[in-house]
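Structure record follows, encoded as C-alpha coordinates.
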Amino acid sequence: MRALRISLVTVVAVLVASALASAQSLGQARVLASPAFPSPVAAWGGVVAWVAPSGGGHRFEIVIRRGGSTRALARTSAVGWIDGVKLGTDAHGHAIVVYSRCPHSPFASGPAGSAGSDGCLLWWAPLSGGRAQRIVAAPPNTTVGAASAGSVVFAVQPTTGHEHQPARLESSTLTSHAAHALSVPTPDGATLADVSLAGSDVAFIEQAESAEPRMSPSEVWLDAPGSAPRLLAQQVSDTVPVDDSARFFDGLTLTGSDVYAFLYANRGIYPPVPSQLERIALTAGELVVAVPWMPGGSLGAFGIEDAAFDPSDSRLVLGTFSEDLTFAAPGEACSSDPSSAKACPVIVSGPVELAEG
(Lines give C-alpha, C1' and ligand atoms only; values in the text may rest on other atoms or scores of the structure.)
Protein backbone atom coordinates (compact mmCIF):
# COMPACT_ATOMS: atom_id res chain seq x y z
CA MET A 1 0.00 0.00 0.00
CA ARG A 2 1.23 3.42 -0.85
CA ALA A 3 0.07 4.95 2.47
CA LEU A 4 0.74 8.65 2.99
CA ARG A 5 4.07 9.67 1.60
CA ILE A 6 4.28 12.80 3.71
CA SER A 7 8.06 12.59 4.05
CA LEU A 8 8.47 11.81 0.35
CA VAL A 9 5.78 13.58 -1.61
CA THR A 10 5.22 17.28 -1.26
CA VAL A 11 4.40 18.24 -4.80
CA VAL A 12 0.92 19.22 -5.78
CA ALA A 13 -2.57 18.93 -5.02
CA VAL A 14 -5.61 21.09 -4.84
CA LEU A 15 -6.08 22.53 -8.32
CA VAL A 16 -8.79 25.10 -7.63
CA ALA A 17 -9.63 28.04 -9.83
CA SER A 18 -7.10 30.37 -8.23
CA ALA A 19 -4.26 28.05 -9.25
CA LEU A 20 -5.21 27.06 -12.77
CA ALA A 21 -2.54 29.28 -14.28
CA SER A 22 0.18 27.11 -12.77
CA ALA A 23 -1.03 23.98 -14.56
CA GLN A 24 -1.81 25.13 -18.11
CA SER A 25 0.19 22.31 -19.70
CA LEU A 26 -2.20 19.86 -18.07
CA GLY A 27 -5.33 21.76 -19.05
CA GLN A 28 -8.22 23.02 -16.98
CA ALA A 29 -8.99 21.36 -13.67
CA ARG A 30 -11.98 20.84 -11.43
CA VAL A 31 -12.73 19.20 -8.11
CA LEU A 32 -14.73 15.97 -8.36
CA ALA A 33 -15.05 15.17 -4.65
CA SER A 34 -13.69 16.02 -1.21
CA PRO A 35 -13.40 12.72 0.68
CA ALA A 36 -12.66 12.57 4.39
CA PHE A 37 -9.29 10.93 3.66
CA PRO A 38 -6.74 10.86 0.81
CA SER A 39 -8.33 8.64 -1.82
CA PRO A 40 -6.88 6.26 -4.40
CA VAL A 41 -8.12 7.07 -7.90
CA ALA A 42 -8.59 5.37 -11.28
CA ALA A 43 -9.43 6.64 -14.77
CA TRP A 44 -10.20 4.74 -17.97
CA GLY A 45 -12.66 4.94 -20.87
CA GLY A 46 -14.14 8.22 -19.67
CA VAL A 47 -14.84 6.81 -16.19
CA VAL A 48 -13.24 8.09 -12.98
CA ALA A 49 -13.30 6.07 -9.76
CA TRP A 50 -12.37 6.92 -6.17
CA VAL A 51 -13.20 5.85 -2.62
CA ALA A 52 -15.60 7.36 -0.10
CA PRO A 53 -16.81 6.50 3.41
CA SER A 54 -20.08 4.56 3.42
CA GLY A 55 -21.07 4.71 7.08
CA GLY A 56 -19.57 4.16 10.51
CA GLY A 57 -17.26 1.40 11.60
CA HIS A 58 -14.67 2.04 8.89
CA ARG A 59 -16.96 1.17 5.98
CA PHE A 60 -15.87 2.33 2.53
CA GLU A 61 -17.17 2.01 -1.04
CA ILE A 62 -16.18 2.77 -4.63
CA VAL A 63 -17.63 5.87 -6.29
CA ILE A 64 -17.61 6.35 -10.06
CA ARG A 65 -18.24 9.33 -12.33
CA ARG A 66 -19.30 8.74 -15.93
CA GLY A 67 -21.09 10.95 -18.43
CA GLY A 68 -21.41 13.83 -15.98
CA SER A 69 -23.11 11.81 -13.23
CA THR A 70 -21.66 10.43 -10.02
CA ARG A 71 -22.88 7.35 -8.15
CA ALA A 72 -21.64 4.95 -5.51
CA LEU A 73 -21.26 1.24 -6.19
CA ALA A 74 -23.26 0.41 -3.09
CA ARG A 75 -22.51 -3.30 -3.28
CA THR A 76 -18.80 -2.58 -2.77
CA SER A 77 -19.58 -1.11 0.66
CA ALA A 78 -17.95 -3.12 3.46
CA VAL A 79 -15.71 -2.74 6.48
CA GLY A 80 -12.09 -2.25 5.47
CA TRP A 81 -9.95 0.48 3.93
CA ILE A 82 -9.76 0.50 0.14
CA ASP A 83 -6.58 1.00 -1.86
CA GLY A 84 -5.17 0.24 -5.30
CA VAL A 85 -8.28 1.13 -7.35
CA LYS A 86 -8.03 0.24 -11.09
CA LEU A 87 -10.60 0.13 -13.90
CA GLY A 88 -10.70 -2.73 -16.42
CA THR A 89 -12.89 -5.34 -18.10
CA ASP A 90 -14.15 -8.84 -17.32
CA ALA A 91 -14.12 -11.86 -19.64
CA HIS A 92 -17.22 -10.54 -21.45
CA GLY A 93 -15.76 -7.07 -21.99
CA HIS A 94 -17.93 -5.44 -19.32
CA ALA A 95 -16.41 -2.57 -17.32
CA ILE A 96 -15.27 -3.47 -13.81
CA VAL A 97 -13.29 -2.00 -10.95
CA VAL A 98 -10.51 -3.93 -9.19
CA TYR A 99 -9.47 -2.82 -5.71
CA SER A 100 -7.66 -3.94 -2.59
CA ARG A 101 -9.57 -4.02 0.70
CA CYS A 102 -7.38 -3.80 3.80
CA PRO A 103 -8.01 -4.48 7.50
CA HIS A 104 -5.59 -1.79 8.73
CA SER A 105 -5.59 1.94 8.15
CA PRO A 106 -2.95 3.00 5.65
CA PHE A 107 -2.52 6.23 7.61
CA ALA A 108 -1.70 4.92 11.09
CA SER A 109 1.18 2.94 12.49
CA GLY A 110 0.72 -0.43 14.17
CA PRO A 111 2.62 -3.46 15.45
CA ALA A 112 4.57 -5.57 12.98
CA GLY A 113 2.18 -7.63 10.89
CA SER A 114 -0.80 -5.39 11.66
CA ALA A 115 -0.24 -2.19 9.69
CA GLY A 116 -0.05 -0.83 6.16
CA SER A 117 -0.80 -3.40 3.46
CA ASP A 118 -0.73 -6.38 5.84
CA GLY A 119 -3.69 -8.63 5.09
CA CYS A 120 -5.04 -6.70 2.09
CA LEU A 121 -7.23 -8.81 -0.23
CA LEU A 122 -8.10 -8.16 -3.88
CA TRP A 123 -11.71 -7.70 -5.01
CA TRP A 124 -13.59 -6.76 -8.16
CA ALA A 125 -17.06 -5.46 -8.97
CA PRO A 126 -18.94 -4.60 -12.19
CA LEU A 127 -19.65 -0.93 -12.84
CA SER A 128 -23.21 -1.95 -13.65
CA GLY A 129 -23.76 -2.37 -9.92
CA GLY A 130 -23.45 -6.13 -9.45
CA ARG A 131 -22.07 -7.70 -6.30
CA ALA A 132 -18.41 -7.45 -5.34
CA GLN A 133 -16.39 -10.65 -5.56
CA ARG A 134 -13.06 -11.62 -4.12
CA ILE A 135 -10.22 -12.61 -6.48
CA VAL A 136 -9.38 -15.86 -4.73
CA ALA A 137 -6.10 -16.43 -6.57
CA ALA A 138 -4.67 -13.25 -5.03
CA PRO A 139 -3.22 -14.02 -1.56
CA PRO A 140 -3.17 -11.68 1.46
CA ASN A 141 -0.94 -8.60 1.19
CA THR A 142 -2.07 -7.91 -2.40
CA THR A 143 -2.14 -4.15 -2.85
CA VAL A 144 -3.05 -3.47 -6.47
CA GLY A 145 -4.36 -5.44 -9.44
CA ALA A 146 -5.29 -4.65 -13.04
CA ALA A 147 -7.78 -6.59 -15.16
CA SER A 148 -8.33 -6.87 -18.91
CA ALA A 149 -10.73 -9.28 -20.63
CA GLY A 150 -11.01 -11.31 -17.43
CA SER A 151 -7.28 -11.70 -16.88
CA VAL A 152 -5.79 -10.03 -13.82
CA VAL A 153 -2.23 -9.20 -12.79
CA PHE A 154 -1.57 -8.21 -9.19
CA ALA A 155 1.25 -7.19 -6.85
CA VAL A 156 1.92 -8.98 -3.55
CA GLN A 157 4.02 -6.87 -1.19
CA PRO A 158 6.40 -7.44 1.71
CA THR A 159 4.61 -7.13 5.07
CA THR A 160 5.59 -5.02 8.06
CA GLY A 161 6.48 -8.25 9.84
CA HIS A 162 8.68 -9.42 6.92
CA GLU A 163 9.85 -6.23 5.25
CA HIS A 164 12.58 -7.89 3.19
CA GLN A 165 10.60 -10.77 1.78
CA PRO A 166 10.44 -10.75 -2.04
CA ALA A 167 7.75 -8.72 -3.75
CA ARG A 168 5.72 -10.84 -6.19
CA LEU A 169 3.91 -10.12 -9.44
CA GLU A 170 1.35 -12.79 -10.32
CA SER A 171 -1.22 -13.45 -13.03
CA SER A 172 -4.56 -15.22 -12.97
CA THR A 173 -8.16 -14.77 -14.02
CA LEU A 174 -10.90 -13.09 -12.04
CA THR A 175 -12.47 -16.45 -11.19
CA SER A 176 -9.46 -18.81 -10.94
CA HIS A 177 -8.19 -20.26 -7.66
CA ALA A 178 -4.55 -20.38 -8.77
CA ALA A 179 -2.02 -17.89 -10.12
CA HIS A 180 1.36 -18.09 -11.80
CA ALA A 181 4.34 -15.87 -11.10
CA LEU A 182 5.73 -13.23 -13.43
CA SER A 183 9.32 -12.09 -13.32
CA VAL A 184 10.24 -9.21 -10.99
CA PRO A 185 13.70 -7.76 -11.74
CA THR A 186 14.86 -7.03 -8.16
CA PRO A 187 12.22 -8.47 -5.81
CA ASP A 188 14.13 -8.54 -2.50
CA GLY A 189 13.01 -5.58 -0.46
CA ALA A 190 11.30 -3.91 -3.42
CA THR A 191 7.80 -2.43 -3.53
CA LEU A 192 5.57 -2.75 -6.60
CA ALA A 193 3.84 0.62 -6.66
CA ASP A 194 1.50 0.13 -9.62
CA VAL A 195 0.60 -2.29 -12.41
CA SER A 196 -1.25 -1.96 -15.72
CA LEU A 197 -2.41 -4.59 -18.21
CA ALA A 198 -3.09 -4.40 -21.96
CA GLY A 199 -3.71 -7.68 -23.74
CA SER A 200 -0.89 -10.02 -22.71
CA ASP A 201 1.54 -7.19 -21.90
CA VAL A 202 2.11 -6.00 -18.34
CA ALA A 203 3.68 -2.74 -17.20
CA PHE A 204 4.65 -2.18 -13.59
CA ILE A 205 6.48 0.27 -11.36
CA GLU A 206 9.14 -1.12 -9.06
CA GLN A 207 10.59 0.92 -6.20
CA ALA A 208 13.68 -1.18 -5.59
CA GLU A 209 16.28 -1.25 -2.86
CA SER A 210 19.71 -0.14 -4.01
CA ALA A 211 23.19 -1.40 -3.20
CA GLU A 212 23.87 2.18 -2.21
CA PRO A 213 21.66 2.71 0.89
CA ARG A 214 21.19 6.42 0.19
CA MET A 215 19.97 5.98 -3.39
CA SER A 216 16.50 4.75 -4.33
CA PRO A 217 15.56 3.83 -7.93
CA SER A 218 12.01 4.17 -9.23
CA GLU A 219 11.59 2.16 -12.43
CA VAL A 220 8.96 1.46 -15.09
CA TRP A 221 9.16 -2.06 -16.60
CA LEU A 222 7.39 -3.88 -19.42
CA ASP A 223 6.80 -7.65 -19.26
CA ALA A 224 5.80 -9.01 -22.66
CA PRO A 225 5.32 -12.72 -23.49
CA GLY A 226 8.41 -14.49 -24.73
CA SER A 227 10.94 -11.97 -23.46
CA ALA A 228 12.53 -10.84 -20.21
CA PRO A 229 11.16 -7.72 -18.48
CA ARG A 230 12.42 -4.57 -20.23
CA LEU A 231 13.32 -1.37 -18.39
CA LEU A 232 11.45 1.58 -19.92
CA ALA A 233 12.31 4.41 -17.54
CA GLN A 234 14.34 4.97 -14.39
CA GLN A 235 14.64 7.75 -11.84
CA VAL A 236 17.22 7.50 -9.05
CA SER A 237 16.81 9.75 -6.01
CA ASP A 238 18.71 10.35 -2.80
CA THR A 239 16.60 8.83 -0.02
CA VAL A 240 18.20 11.04 2.63
CA PRO A 241 18.32 14.36 0.81
CA VAL A 242 19.07 17.72 2.34
CA ASP A 243 16.80 19.40 -0.21
CA ASP A 244 13.93 16.87 -0.26
CA SER A 245 14.78 16.12 -3.88
CA ALA A 246 13.16 12.70 -4.37
CA ARG A 247 11.41 11.91 -7.68
CA PHE A 248 9.46 8.72 -8.39
CA PHE A 249 6.88 7.20 -10.74
CA ASP A 250 3.23 6.40 -10.09
CA GLY A 251 -0.11 6.43 -11.88
CA LEU A 252 0.69 3.86 -14.57
CA THR A 253 -1.43 3.27 -17.72
CA LEU A 254 -0.55 0.80 -20.47
CA THR A 255 -2.13 0.81 -23.94
CA GLY A 256 -1.34 -1.33 -26.94
CA SER A 257 1.37 1.08 -28.11
CA ASP A 258 2.38 3.31 -25.19
CA VAL A 259 2.85 3.43 -21.45
CA TYR A 260 1.96 6.55 -19.46
CA ALA A 261 3.45 7.31 -16.05
CA PHE A 262 3.50 10.38 -13.83
CA LEU A 263 6.91 11.33 -12.45
CA TYR A 264 6.56 13.25 -9.20
CA ALA A 265 9.13 15.81 -8.13
CA ASN A 266 9.23 16.95 -4.53
CA ARG A 267 9.50 20.63 -3.84
CA GLY A 268 12.87 21.69 -2.48
CA ILE A 269 14.90 20.68 -5.53
CA TYR A 270 17.19 23.47 -6.67
CA PRO A 271 17.11 24.53 -9.38
CA PRO A 272 13.40 23.60 -9.46
CA VAL A 273 12.46 20.52 -11.49
CA PRO A 274 8.87 20.01 -12.68
CA SER A 275 6.77 16.92 -12.18
CA GLN A 276 5.74 15.52 -15.54
CA LEU A 277 3.36 13.17 -17.28
CA GLU A 278 5.45 10.87 -19.47
CA ARG A 279 4.43 8.87 -22.55
CA ILE A 280 6.84 6.16 -23.65
CA ALA A 281 6.45 4.48 -27.05
CA LEU A 282 6.73 0.70 -26.62
CA THR A 283 8.06 0.12 -30.14
CA ALA A 284 10.89 2.63 -29.75
CA GLY A 285 11.31 2.06 -26.02
CA GLU A 286 11.96 5.75 -25.48
CA LEU A 287 10.25 8.83 -24.11
CA VAL A 288 8.32 10.56 -26.87
CA VAL A 289 6.28 13.08 -24.86
CA ALA A 290 6.83 14.70 -21.48
CA VAL A 291 4.25 17.21 -20.27
CA PRO A 292 5.80 19.27 -17.44
CA TRP A 293 3.97 20.53 -14.39
CA MET A 294 5.49 23.02 -11.98
CA PRO A 295 2.90 23.82 -9.31
CA GLY A 296 3.21 27.24 -7.80
CA GLY A 297 2.00 29.14 -4.77
CA SER A 298 -0.07 27.18 -2.28
CA LEU A 299 -0.02 24.03 -4.41
CA GLY A 300 3.40 23.12 -3.04
CA ALA A 301 1.89 22.65 0.43
CA PHE A 302 -0.05 19.57 -0.68
CA GLY A 303 0.93 16.09 -1.78
CA ILE A 304 -0.39 13.42 -4.13
CA GLU A 305 -1.60 10.12 -2.76
CA ASP A 306 -2.51 8.63 -6.14
CA ALA A 307 -2.74 9.50 -9.85
CA ALA A 308 -4.32 8.04 -12.99
CA PHE A 309 -4.25 9.11 -16.65
CA ASP A 310 -7.02 8.23 -19.12
CA PRO A 311 -5.68 8.25 -22.71
CA SER A 312 -9.22 8.04 -24.14
CA ASP A 313 -10.00 11.61 -23.11
CA SER A 314 -6.53 12.88 -22.07
CA ARG A 315 -7.57 13.50 -18.46
CA LEU A 316 -5.26 13.25 -15.46
CA VAL A 317 -6.95 12.44 -12.14
CA LEU A 318 -5.26 13.05 -8.79
CA GLY A 319 -6.08 12.05 -5.23
CA THR A 320 -4.42 14.54 -2.88
CA PHE A 321 -3.59 14.95 0.79
CA SER A 322 -2.97 17.87 3.12
CA GLU A 323 0.17 18.09 5.18
CA ASP A 324 -1.75 20.20 7.71
CA LEU A 325 -3.27 16.97 9.03
CA THR A 326 -1.73 14.28 11.22
CA PHE A 327 -3.52 11.25 9.81
CA ALA A 328 -2.11 8.86 12.39
CA ALA A 329 -4.04 10.69 15.09
CA PRO A 330 -7.50 9.32 15.95
CA GLY A 331 -10.32 11.34 14.48
CA GLU A 332 -8.24 13.31 11.98
CA ALA A 333 -10.11 13.83 8.71
CA CYS A 334 -9.80 15.92 5.58
CA SER A 335 -12.09 18.92 5.19
CA SER A 336 -15.10 18.65 2.88
CA ASP A 337 -14.38 22.21 1.71
CA PRO A 338 -12.06 21.91 -1.34
CA SER A 339 -10.64 25.39 -0.73
CA SER A 340 -9.56 24.52 2.82
CA ALA A 341 -5.91 24.00 3.66
CA LYS A 342 -7.06 20.73 5.24
CA ALA A 343 -8.88 19.44 2.15
CA CYS A 344 -7.87 16.28 0.27
CA PRO A 345 -9.91 16.60 -2.92
CA VAL A 346 -10.04 14.32 -5.93
CA ILE A 347 -9.41 16.49 -8.97
CA VAL A 348 -9.41 16.00 -12.72
CA SER A 349 -7.19 18.02 -15.05
CA GLY A 350 -7.29 18.11 -18.82
CA PRO A 351 -7.43 17.69 -21.64
CA VAL A 352 -3.68 17.23 -21.44
CA GLU A 353 -1.84 18.47 -24.52
CA LEU A 354 0.26 15.55 -25.73
CA ALA A 355 1.79 17.14 -28.84
CA GLU A 356 5.06 15.61 -29.98
CA GLY A 357 8.28 17.41 -29.14
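Computed over heavy atoms, backbone and side chain alike; hydrogens, waters and symmetry mates excluded. Values in this document were obtained by computation on a predicted structure and should not be read as measured data.
- Counting only heavy atoms from C-beta outward, the side chains of Val346 and Val317 approach each other to under 4.5 Å.
- With a 4.5 Å cut-off on side-chain heavy atoms, Gln276 and Val291 do not count as touching.
- With Arg168 as the fixed residue, the side-chain contact (heavy atoms from CB on, under 4.5 Å) test singles out one of Thr142, Val184, Leu192, Val156: Val156.
- Between the side chains of Ser218 and Gln207, a donor-acceptor pair is found at a separation under 3.5 Å.
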Q: Kindly indicate, with the supporting measurements, whether the criterion side-chain contact (heavy atoms from CB on, under 4.5 Å) is fulfilled by Trp50 and Thr70.
A: CA-CA 11 Å; Trp50 64 91; Thr70 300; 4.0 Å; yes
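- The two atoms that bring Asp250 and Ala193 nearest to each other are OD1-O, 4.2 Å, heavy atoms only.
- The heavy-atom pair separating Ala42 from Lys86 by the smallest distance is CB-CA, 3.9 Å.
- Linking ILVMFWY side-chain heavy atoms closer than 4.5 Å, directly or via other members, places Trp124 and Trp81 in two distinct hydrophobic clusters.
- At least one side-chain heavy atom of Leu121 sits under 4.5 Å from a side-chain heavy atom of Pro140.
- Using a distance-only test at 3.5 Å, with no hydrogens or angles considered, a donor-acceptor pair links the side chain of Arg65 to the main chain of Gly68.
- Using a distance-only test at 3.5 Å, with no hydrogens or angles considered, a donor-acceptor pair links the side chain of Ser227 to the main chain of Ala224.
- Taking the six-membered ring for Trp and thresholds of 30 and 60 degrees, Tyr260 and Phe309 have ring planes inclined between 30 and 60 degrees apart.
- A side-chain donor-acceptor contact under 3.5 Å links Arg101 to the backbone of Thr76.
- For the residue pair Ser312/Asp310, the side-chain donor-acceptor check at 3.5 Å is satisfied.
- Hydrophobic clustering, with ILVMFWY side chains joined whenever heavy atoms are under 4.5 angstrom apart, groups Trp123 together with Trp44.
- Considering only heavy atoms from C-beta on, Pro139 comes within 4.5 Å of Glu170 through its side chain.
- In this structure the side chain of Asp83 never reaches within 4.5 angstrom of the side chain of Asp306, judged on heavy atoms.
- Phe60 and His58 have parallel rings, their planes meeting at less than 30° on a 0 to 90° scale where 60° marks the start of perpendicular.
- Val48 is not listed as a side-chain neighbour of Val41, based on a closest heavy-atom distance of 4.5 Å or more.
- Cluster annotation: Ile135 is not connected to Leu182 through the hydrophobic network of ILVMFWY side chains, with a link wherever side-chain heavy atoms come within less than 4.5 Å.
- Under a hydrophobic clustering in which Ile, Leu, Val, Met, Phe, Trp and Tyr are joined whenever their side-chain heavy atoms come within less than 4.5 Å, directly or via other members, Leu122 and Val97 fall into different clusters.
- Between Val51 and Phe37, some side-chain heavy-atom pair lies under the 4.5 Å cut-off.
- Using a 4.5 Å cut-off on side-chain heavy atoms (C-beta onward), Val289 and Leu277 make no contact.
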